[in-house]
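Residues take their numbers from the sequence shown, with the count starting at 1. Note that ligands are numbered from 1 as they come in the structure, with each ligand's atoms numbered from 1 the same way. These numbers come from a predicted model, not from an experiment.
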Amino acid sequence: MLLGVTGLSYCGESGPKKGDKVRLPEPRVSGNVSVEQALQQRRSCREFSTKPLDLEQVGRLLWSAQGITGDRGRRTTPSAGATYPLECYLVAGRVDSLKPGIYRYVPQEHSLVAVAAGDRRGALSVAASNQEFVARAPISIVIAADYGRTSMRYGDRGQRYVHIEVGHCAENIALECEALGLGTVCVGAFADDDVRSKLELTEDPVCIMPVGWKSE
Ligand SMILES: Cc1cc2nc3c(=O)[nH]c(=O)nc-3n(C[C@H](O)[C@H](O)[C@H](O)COP(=O)(O)O)c2cc1C
């Protein structure tokens, strides 16, 4: 079922059903913060207010991570041999007009597809060495990788390429956060198997980016 961006109930009152789709607002590509200002301002943020995010912000963040920007599926983030091993998952807790749950970003449609219902931020925080700010942030974006897509072409070197690509993707999210007045931090300390099972991922989690309004 494809659900639009108007109205309050995107995925039914009881939460998203696996496979439900949510179309995201078209990403705007203009703003008031220069790349240089975003670079100057970027600092890891671990203090988030409880204010929810909206779908416009969520859409722009995911677009910065993996959005389609060119022909033949070219994306915001470069990819070794255009093999595109990354999948971005949204762990949604407090987003206006979006039920809490796990969603996979589909770059080709600029949409979300529901993976599982329910607020998993607490479980993610526990899996991330009990880093409590992960539970407080309204959302996290989990960058996961299917290493096979890249190593099929590049052999052992593929793993290195995937990790370089995750770094690009994470920095894109960090700079987009600055452009939107939001905060984030790259979280690498977590138990891979726990994150994979708690979020029902099919790929390997490499990086967690909790995002929210910076706390005063
Ligand atoms: C690969 C990587 C993993 C990181 N893992 C964590 C983490 O698990 N928890 C955390 O609070 N910060 C984590 N950080 C953030 C660093 O602590 C932070 O970037 C560093 O202290 C420099 O501060 P700055 O980002 O404000 O410049 C990580 C950063 C990177 C690049």
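Ion pairing between a basic and an acidic side chain is recognised when a charged N comes within 4.0 Å of a carboxylate O; R23 and E109 show no such pairing. The pair R75-E165 does not meet the salt-bridge criterion, since no charged nitrogen lies less than 4.0 angstrom from a carboxylate oxygen. Comment: K17 does not engage D20 in a salt bridge, judged by the lack of any side-chain N to carboxylate O separation of less than 4.0 angstrom.
Every N/O-N/O distance between F133 and ligand 1 stays at or above 3.5 Å. Checked against a 3.5 angstrom limit, the closest N/O atoms of G188 and ligand 1 fall inside it.
Shown in contact with R42 at under 4.0 Å from a heavy atom are these atoms of ligand 1, numbered in order with element: 24 (P), 25 (O), 27 (O). Listed by number with element, the atoms of ligand 1 under 4.0 Å from a non-hydrogen atom of V185 are 12 (N), 15 (C). Numbered from 1 in the order shown, with element, the atoms of ligand 1 that lie under 4.0 Å from a heavy atom of V187 read 5 (N), 6 (C), 7 (C), 8 (O).
Other residues, nucleotides and ligands contribute only 12 or fewer heavy atoms inside 6.0 Å of the CZ atom of R160. No more than 12 heavy atoms of other residues, nucleotides or ligands sit less than 6.0 Å from atom CD of Q40.
Side-chain N/O atoms of E132 and S125 include no donor and acceptor closer than 3.5 Å.
Of all protein heavy atoms, the one lying nearest to atom 25 (O) of ligand 1 is S44 OG, 2.5 Å. The protein non-hydrogen atom at the shortest distance from atom 9 (N) of ligand 1 is Q131 OE1, 2.7 Å.
Residue F190 does not touch ligand 1, judged by heavy-atom distances below 4.0 Å.
Nearest-heavy-atom check against atom 6 (C) of ligand 1 across C45, C186, A128 picks out C186. Summarising the contacts of atom 16 (C) of ligand 1 with R46, H163, R43, the nearest heavy atom is found in R46. Closest heavy-atom approach to atom 8 (O) of ligand 1 within the set A189, P210, G167: this belongs to A189.
Aromatic ring orientation, F133 versus F48: tilted (interplanar angle from 30° to 60°).
When atom types are taken as modelled, the side chain of D54 and the backbone of D96 share no donor-acceptor pair closer than 3.5 angstrom.
Under the 4.0 angstrom criterion, atom 20 (C) of ligand 1 counts as lacking any protein heavy-atom contact.
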